[in-house]
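Heavy-atom basis, side chains included; hydrogens, waters and symmetry copies ignored.
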Amino acid sequence: MGISRLTLVLMLMSAFLPPSSPDPDDESCLTKLFESMEDPNHNLMNWTKPSFQNPCSGFLSSLAGATCNNGRIYKLSLPNLALRGSISPYISNCTNLQALDISNNSLTGPIPIELQYLVNLAVLNLSSNRLSATIPPSLAMCAYLNVIDLHDNTLTGTIPPQLGSLARLSVFDVSNNKLSGPIPASLGNRTGNLPRFNASSYLGNKDLYGYPLGPMKSKGLSLVAIVGIGLGSGLLSLVLSFTVVCVWLRVTEQKMAAEQEGKISQLMPEY
């Protein structure tokens, strides 16, 4: 009942508040973001240019997946919409954005480095897309980040150690990508009161190593394999040498026997 009353109060407040003045930054953010994506299932039918000019009315928004706060875009939640295309760098114009969830779509391209300008961002979920390139170290500029979820993409390169400086980070998942190199100690072995991340946050990256995963896998032959090859080669050489000697002795013995038989034949009297 308490929640229903709160919702009713917010709706009444929004109804009596004067229309918020258009924010050019939010308008640019939404326009460029929509232009950079394809919506084959038409889930964003009401994302139109006229609606971008004034997307918020107090705490309410007419845009699907958008939440407002004080007349500014506060949250964008667009998961499971079969969206294609890329993430526009102009999304950084939504400077009041605190949560961005575009998970479970088919987005490609890099993670925009411009996300660093979303200084209020607390939740970033770009998982289950087809994003490529590297994880921007500049994400560490978003000091309020609690969640970074990038699993199930095709991200490459190393995990930026700068992300370990995010003291509020409680969820970190980069599993099932193409990352390589060591897991930064600032993320793999956090100390003090900082939340720790287990192996499930890193699995599915075959060239990633370090705690909480195992050590770096050797790409060369192991010591046991080298010793085995050496012993095998030595044994083979020994067998071949022994065989050659045996054959030589056999041939020599036959030759000497033939010569001896010839001498005996010459000494035999003729009848």
Honestly curious: do [X] and [Y] fall in one hydrophobic cluster under the side-chain, below-4.5 Å linking rule?
X	Y	answer
Phe197	Leu213	yes
Leu63	Leu76	yes
Leu33	Leu44	yes
Leu208	Leu139	yes
Met37	Ile87	yes

Within the structure provided, determine whether [X] and [Y] are in side-chain contact (heavy-atom separation under 4.5 Å).
X	Y	value
Asp39	Leu83	yes
Leu100	Ile91	yes
Leu126	Asp149	no
Tyr202	Ile159	yes
Ile135	Pro160	yes
Asn105	Leu81	yes
Asn120	Thr95	no
Leu155	Val174	no

Leu169/Ile148 under side-chain contact (heavy atoms from CB on, under 4.5 Å): CA gap, chis, key distance, verdict: CA-CA 8 Å; Leu169 195 62; Ile148 297 179; 3.8 Å; yes
Test item: [X] side-chain N/O and [Y] main-chain N/O as donor-acceptor pair under 3.5 Å:
X	Y	answer
Ser61	Cys56	no
Asn125	Ser127	yes
Asn205	Asn177	yes
Asn104	Ser128	no
Ser86	Gly109	no
Ser92	Leu115	no

Atom pair [atom1]/[atom2] of [X] and [Y] - distance to nearest 0.5 Å:
X	Y	atom1	atom2	result
Asn69	Leu60	CG	CG	11.0 Å
Lys178	Ser180	NZ	OG	12.0 Å
Ser138	Leu163	OG	CG	9.0 Å
Ser88	Lys32	OG	NZ	7.0 Å
Cys142	Tyr117	SG	OH	11.0 Å
Gln53	Thr48	CD	OG1	9.0 Å

In sequence, state the C-alpha distance, the side-chain angles, and the governing distance for Asp101 and Leu78, and then conclude on side-chain contact (heavy atoms from CB on, under 4.5 Å). CA-CA 6 Å; Asp101 182 356; Leu78 306 170; over 6 Å; no
Stepwise side-chain contact (heavy atoms from CB on, under 4.5 Å) test for Val119 and Tyr144: CA-CA 7 Å; Val119 295; Tyr144 294 104; 5.8 Å; no
Looking at every heavy atom in both [X] and [Y], which two are closest together, and how far apart are they?
X	Y	result
Asn41	Ala82	ND2-CB, 3.4 Å
Ser201	Phe172	OG-O, 2.7 Å
Arg72	Asp25	NH2-CB, 4.3 Å
Phe52	Leu30	CD2-CB, 3.7 Å
Ser28	Tyr90	OG-CD2, 4.1 Å
Leu145	Val123	CD2-N, 4.2 Å

Report the relative orientation of the aromatic rings in Phe34 and Trp47; use parallel for angles under 30°, tilted for 30 to 60°, perpendicular for over 60°.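 The rings of Phe34 and Trp47 sit tilted, inter-plane angle from 30° to 60°.
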Val147/Leu124 under side-chain contact (heavy atoms from CB on, under 4.5 Å): CA gap, chis, key distance, verdict: CA-CA 6 Å; Val147 175; Leu124 177 63; over 6 Å; no
Do we see a donor-acceptor contact under 3.5 Å between the side chains of Asn153 and His151?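 No pair is found: no donor N or O on one side chain lies under 3.5 Å from an acceptor on the other.
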Could you check whether Arg84 and Thr108, counting side-chain N and O atoms only, form a donor-acceptor pair closer than 3.5 Å?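 Arg84 and Thr108 do not have a side-chain donor-acceptor pair below 3.5 Å.
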The criterion is salt bridge (charged side-chain N to carboxylate O under 4.0 Å, His left out); which residues satisfy it with Arg196, sequence neighbours excluded?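 Counting only residues at least two positions away or on another chain, Arg196 forms no salt bridge (charged side-chain N to carboxylate O under 4.0 Å, His left out).
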